[in-house]
Amino acid sequence: MKRVLVLSDTASLQDLNNRSNLNLLLELDCEIHVGCNFIHGNTTSSERVDAFANELRDAGITCLQLGFEKFNNPFIHQPNIEKELVKIFKHFDYDLVHCLTLTALQCAGPIAEKYHIPVMCTSYGLPVYDGVSFMKRRKLTPKLKRAAKYAEIFICCNHEDYNFAKNNFKSKHIFRIPGTGLDPYRFRAPTVSRHRMRDFMEIPQNAVTLITVGALTKQKNHAIILKALARLRMLEIHYVICGGGDNADYLYKLTRNLNLEDRVHFTKHRDDIVNMLHACDIFCLPSKEEGVGIAALEAMEAGLPLITSNVQCFKDFMEDGVTGFCFKPDDITGFVAGIEALTEDKRLRENIGQHNRHAVEAFYRENAEYIMRQIYEVQLENCEEVEVEEAKAETKTHEKNKETETVNVS
């Protein structure tokens with residue numbers, strides 16, 4: 001049985017983005033160790049993280065608590081993690097290490113290299129993309145190259161990151177998968193009626209309602225939608241912000257300052273996103289950077305038109321005027337126009353929503369899993385070949401030593 005270590009900074013990242021890969025490794029009869037921070041830095045609730053850990057243990061997966069610190073800069077040195085990983089690598093013989101963040105790759109890569117363990121890395125969004133300043137790109141590119149050198153296989157979730165990796169990284173193999181894989185039909189049918197959900201959220205039944213699902217961070221750029229709403233006071237528009245994060249206090253204050261308290265509804269993290277989506281009319285995600293955009297794909301599955309920024313992964317599925325509207329992250333005038341157009345034209349919302357239900361099928365889980373299964377199978381098979389070669393070499397060495405001993409005796 002092959003033993004695989006799957007590493008990430010946080011448990012919530014594995015819960016939200018990597019469950020299908022863990023299932024694939026189980027199907028391939030691997031012993032799996034999941035290493036991450038189950039305590040701090042997660043974007044989901046502590047209750048959800050505990051439930052996820054219990055689900056892993058019930059599936060026979062070993063949970064390793066690693067005290068990753070959460071920094072905006074993934075290249076900050078974390079010596080405590082490296083010490084923890086050294087102990088783990090000494091205690092367990094791994095056949096493969098799969099890193100899900102650049103931080104994990106930077107910490108584990110050198111140690112895995114020392115133990116001759118192959119490493120693969122999945123990136124859910126590189127910090128260099130169209131729109132990043134020349135100076136930032138120039139500063140980060142060498143750091144990305146140094147981290148990526150430890151990954152024999154580098155996997156990207158959008159075209160833009162894939163093209164960057166192909167042009168800059170020296171990994172043996174670079175692949176692109178269509179997002180992280182959306183569960184087919186999971187978001188098509190709500191379990192609670194639209195009317196009841198709106199009553200619960202205290203939203204007027206006839207009000208056009210925007211929704212954003214995601215962590216409340218500066219990167220997600222919720223503030224620009226709030227500012228756009230402040231310019232559209234003549235229209236009865238409500239806005240649901242679903243999620244938690246370190247930018248929450250700023251968004252609460254901004255909502256008050258813009259006098260939008262009666263129209264903006266903060267729900268924190270929820271587990272019934274399908275019901276939330278079906279109770280709303282337009283999905284917004286104006287991120288400054290976005291590697292996967294799974295929340296937007298879920299909204300497409302629910303039949304909502306999208307209003308997004310035009311960065312990274314959004315370019316893979318956003319078609320302006322067809323799936324919704326997309327603008328530069330700081331284009332407040334554009335966001336105002338997009339919200340106004342969809343708010344005032346119900347038929348346009350319905351036509352785009354119907355289109356999105358079909359367009360999202362290209363991002364279903366089976367498409368990502370097909371590629372990942374092949375990657376895992378080939379990599380684990382290569383591990384077997386390496387083990388066989390090492391065993392042969394060890395046998396030859398042993399036989400040679402034996403011959404030498406015989407000669408010495410005579």
Side-chain angles (χ1 to χ4, degrees), residues 2 4-10 13-28 30 32-36 74 94-109 112-113 117-129 140-141 143-182 289-294 297 311-317 362-383:
K2 299 299 178 184
V4 180
L5 174 63
V6 185
L7 285 174
S8 66
D9 305 11
T10 62
L13 185 145
Q14 303 234 21
D15 186 18
L16 297 173
N17 294 334
N18 198 54
R19 294 172 68 89
S20 62
N21 288 339
L22 295 176
N23 287 331
L24 278 176
L25 289 170
L26 286 172
E27 291 174 14
L28 293 171
C30 293
I32 308 169
H33 293 186
V34 168
C36 57
Y94 291 110
D95 297 286
L96 177 65
V97 176
H98 187 176
C99 297
L100 304 180
T101 62
L102 293 171
T103 302
L105 178 61
Q106 184 172 255
C107 291
E113 183 178 63
I117 302 169
V119 176
M120 55 189 287
C121 179
T122 298
S123 169
Y124 298 112
L126 295 175
V128 289
Y129 47 87
L140 291 180
T141 297
K143 295 180 179 181
L144 286 168
K145 288 182 178 180
R146 285 195 293 272
K149 73 178 182 179
Y150 295 110
E152 293 185 9
I153 294 175
F154 202 93
I155 302 164
C156 302
C157 297
N158 64 69
H159 273 103
E160 187 176 322
D161 287 355
Y162 173 72
N163 290 333
F164 179 89
K166 289 286 285 185
N167 291 328
N168 291 279
F169 296 167
K170 294 184 178 180
S171 301
K172 289 182 180 178
H173 305 285
I174 299 174
F175 298 95
R176 185 190 72 85
I177 57 175
T180 56
L182 184 69
E289 57 181 272
E290 191 73 40
V292 179
I294 189 68
L297 295 172
V311 300
Q312 285 173 292
C313 69
F314 294 136
K315 297 176 184 178
D316 288 359
F317 56 83
F363 294 85
Y364 277 171
R365 185 180 62 230
E366 61 188 23
N367 298 317
E369 284 185 351
Y370 176 77
I371 300 171
M372 287 303 304
R373 180 182 288 275
Q374 290 183 313
I375 293 172
Y376 277 139
E377 286 178 345
V378 170
Q379 193 63 37
L380 292 170
E381 185 178 326
N382 288 342
C383 291

Distance check, rounded to the nearest 0.5 Å: [X] atom [atom1] versus [Y] atom [atom2]?
X: L5; Y: Y94; atom1: CG; atom2: OH; result: 4.5 Å
X: K172; Y: I174; atom1: NZ; atom2: CD1; result: 13.0 Å
X: L140; Y: L126; atom1: CG; atom2: CG; result: 10.0 Å
X: N23; Y: R365; atom1: CG; atom2: CZ; result: 8.0 Å
X: M372; Y: N367; atom1: CE; atom2: CG; result: 14.0 Å
X: E27; Y: R373; atom1: CD; atom2: CZ; result: 4.5 Å

Could you report the tightest heavy-atom contact between [X] and [Y], atom names first, then the distance?
X: I371; Y: P178; answer: CD1-CD, 4.0 Å
X: F317; Y: G293; answer: CZ-O, 4.2 Å
X: C157; Y: Y124; answer: SG-CD2, 3.8 Å
X: I375; Y: I155; answer: CD1-CD1, 3.9 Å
X: P127; Y: L102; answer: CD-CD1, 4.0 Å
X: A368; Y: G179; answer: CB-O, 4.3 Å

Would F164 and E160 satisfy side-chain contact (heavy atoms from CB on, under 4.5 Å), going step by step from the backbone distance to the final call? CA-CA 6 Å; F164 179 89; E160 187 176 322; over 6 Å; no
Considering residues at least two apart in sequence or located in another chain, which fulfil the ring pair (Phe, Tyr, Trp, His ring centres under 6.0 Å) criterion with Y364?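 Y185.
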Test side-chain contact (heavy atoms from CB on, under 4.5 Å) applied to L13 and C36, step by step: CA-CA 9 Å; L13 185 145; C36 57; over 6 Å; no
State, yes or no, whether a side-chain contact exists between [X] and [Y] at a heavy-atom distance under 4.5 Å.
X: T141; Y: N168; answer: yes
X: V6; Y: N18; answer: yes
X: I294; Y: L182; answer: yes

Donor-acceptor contact below 3.5 Å, side chain [X] vs main chain [Y]:
X: Q312; Y: E290; result: yes
X: S171; Y: H173; result: no
X: N17; Y: T180; result: no
X: D316; Y: H159; result: yes
X: T101; Y: A104; result: yes
X: T103; Y: P74; result: yes
X: N158; Y: D161; result: yes

Could you go through L100 and Q14, starting from their C-alpha distance and side-chain angles, then the distance that decides it, and tell me whether this counts as side-chain contact (heavy atoms from CB on, under 4.5 Å)? CA-CA 8 Å; L100 304 180; Q14 303 234 21; 3.6 Å; yes
Applying side-chain contact (heavy atoms from CB on, under 4.5 Å) to L380 and L28, what does each step give before you reach the verdict? CA-CA 9 Å; L380 292 170; L28 293 171; 4.3 Å; yes
